[in-house]
Protein chains: 2
Amino acid sequence: MPKLIDLTERKQFIAHATWKIMLEQGMEGVSARNIAKEAGLSLGALRYYFSTQEELLLYAESLVFEQLTEKTNEIFQEEKSPLEKIIGVLMIFLPSKEDSDMEARVRLIFKLHGSNGRKIYREEQDAALQAVKNIMSNLILLNLLKKELDVSLETDRLIHLLDGMVLDAMVRAERTTRGQQRKTIVHHLNTICKEDVGR
Amino acid sequence: MPKLIDLTERKQFIAHATWKIMLEQGMEGVSARNIAKEAGLSLGALRYYFSTQEELLLYAESLVFEQLTEKTNEIFQEEKSPLEKIIGVLMIFLPSKEDSDMEARVRLIFKLHGSNGRKIYREEQDAALQAVKNIMSNLILLNLLKKELDVSLETDRLIHLLDGMVLDAMVRAERTTRGQQRKTIVHHLNTICKEDVGR
DNA sequence: ATCTATTTAACACGATTGTACCAAATGATT
DNA sequence: AATCATTTGGTACAATCGTGTTAAATAGAT
């Protein structure tokens, strides 16, 4: 009796429409009507999947984490050198005009949005922070990190650099290229690693 | 016949009320009524100083630049070592729970807000970017910068680090201390400077 | 064909939005 | 004391907001 519509697939579709509005109009534009229009649904249909706006936003935010984490895991499973994997993972969180994925941009909007109101920032829900922590652990295990470094300080510095680059890419969309981003990342890794990071 | 109310002082007061709302409720909370209530004014009074909401926002944004630039100039005129000045300037752009100034936080909100719609990001209106550029110039003139470095890349890396730290301070307000911020800044400067940066 | 879960459409409600207009109040100048 | 530009408070409007309710339409399983 259930219809053939995959419920989670539909919810994801709506969440993606929400992301698009967040990117084009900011949080001010996130209204049930705007989202319904963007998704090509009626108000009632939207309300069928998400009974309240807060529920929709929570889902849209958790989906960012899920998709970014999945991308990260995929890269880690590829067959490359450890450093190439690390670079690849970091690039996931950097948006550019060359790729149309929204996760990286939306992550930053949600991160800043959390600073308002009473909603608290949950570190374990920040895919980028978790990825950076993993990367730092790997660098230690591989004995690639310069010995005298303060690991927690370097972790912070890397996540801050990442967030700053995302903000820059969003603000200067057309002027930022993937190559420049990679160059910056590689250079930063070189300053904290013993051996020369590839390329 | 003009009344004794200083017009620009009044406009600044309203702009500061706007900042407060931006910090507490985000851009979604920025409405004429909210601002009027926060400033203790009536709708009509608010409209007397700013005939339109866009005009108010433009003024509030330009005021961020003005006040941050003024703070920067003040530090540069103090009698300290060049490196202490540089550190002091960078700290201006880092908010913390210890200081109640809003400029640094509001700057980031405006910067991200500019990514929506067709409003373009103007580099020369980003007080932090201008400060970092000045700092890099000074480092070169003082011959403190490591020679092999790519200056424009290091400029980017520093502004990105700064923006990332601001975002972090806003999101993890209570957990970030001024000392940690200074430590991070000093460490980063040490990685790009020849001599040891003080303290 | 019938049943049932899913999906859509349409409308109503109170609240809030930006903008606008106007009468009253204010205070320095005459 | 009289004058008048400046400043303020109050009200009004059309539009949009989130939410809720209702009935109709749809489509797959039986």
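Within every chain, numbering begins at 1; the chains are lettered A, B, ... in the order of the sequence lines, protein sequences first and strands thereafter.
- Taking the nucleotide of DNA chain C with the nearest heavy atom to each of A:L43 and A:L46, the more 5' of the two is matched to A:L46.
- Here C:dT17 presents its P atom at 10 Å from CD1 of B:I35, a figure rounded to the nearest Å.
- Atoms CG (B:N34) and P (C:dA15) sit 16 Å apart, rounded to a whole Å.
- Residues A:T52 and A:E54 bring no donor and acceptor atom of their side chains to less than 3.5 Å of each other.
- In this structure, B:Y48 places its OH atom 8 Å from P of D:dT8, rounding to the nearest Å.
- Note on B:S31: a side-chain N or O is less than 4.0 Å away from OP1 or OP2 of C:dT17.
- The aromatic rings of B:H113 and B:F110 sit perpendicular, their planes meeting at an angle over 60°, well past the 30° parallel limit.
- Note: CD (B:E9) to P (D:dT6) measures 19 Å, nearest angstrom.
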Can I get a per-line list of side-chain donor-acceptor pairs under 3.5 Å for residues 132-144 of chain B, giving both atom names and the distance, sequence neighbours left out?
residue: B:K133; atom: NZ; partner: B:E123; partner atom: OE1; Å: 3.4
residue: B:S137; atom: OG; partner: B:K133; partner atom: O; Å: 3.1
residue: B:N143; atom: OD1; partner: B:K194; partner atom: NZ; Å: 3.0

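- Comparing atom distances between the A:R33 side chain and each of D:dA12, D:dG9, D:dG18 picks out D:dG18 as nearest.
- Atom CG of A:L56 is separated from atom C1' of D:dT19 by 14 Å (rounded to the nearest Å).
- Distances shown here put every side-chain N or O of B:T52 at or beyond 4.0 Å from the OP1 or OP2 atom of C:dG18.
- Across all strands, A:S42 comes closer than 4.0 Å to base atoms (heavy-atom distances).
- If you take CD1 of A:I21 and C1' of D:dG18, they are 15 Å apart, rounded to a whole angstrom.
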Discussion item. What verdict does the salt bridge (Lys or Arg N to Asp or Glu O under 4.0 Å) test give for A:R122 and A:E124, after you've listed the backbone C-alpha separation in whole Å, the side-chain angles of each residue and the deciding distance to 0.1 Å?
Written reply: CA-CA 6 Å; A:R122 302 224 47 71; A:E124 62 274 15; 2.4 Å; yes
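- When the P atom of D:dG18 is taken as reference, atom CD of A:E28 falls 13 Å away, rounded to whole Å.
- At a cut-off of 3.5 Å, with distance as the only test, a side-chain donor of B:E55 or B:S51 sits close to an acceptor on the other residue.
- Side-chain N/O atoms of B:R47 include none lying less than 4.0 angstrom from OP1 or OP2 on D:dT11.
- Residue B:Q25 contributes atom CD, which lies 14 Å from atom C1' of C:dT17 at whole-angstrom precision.
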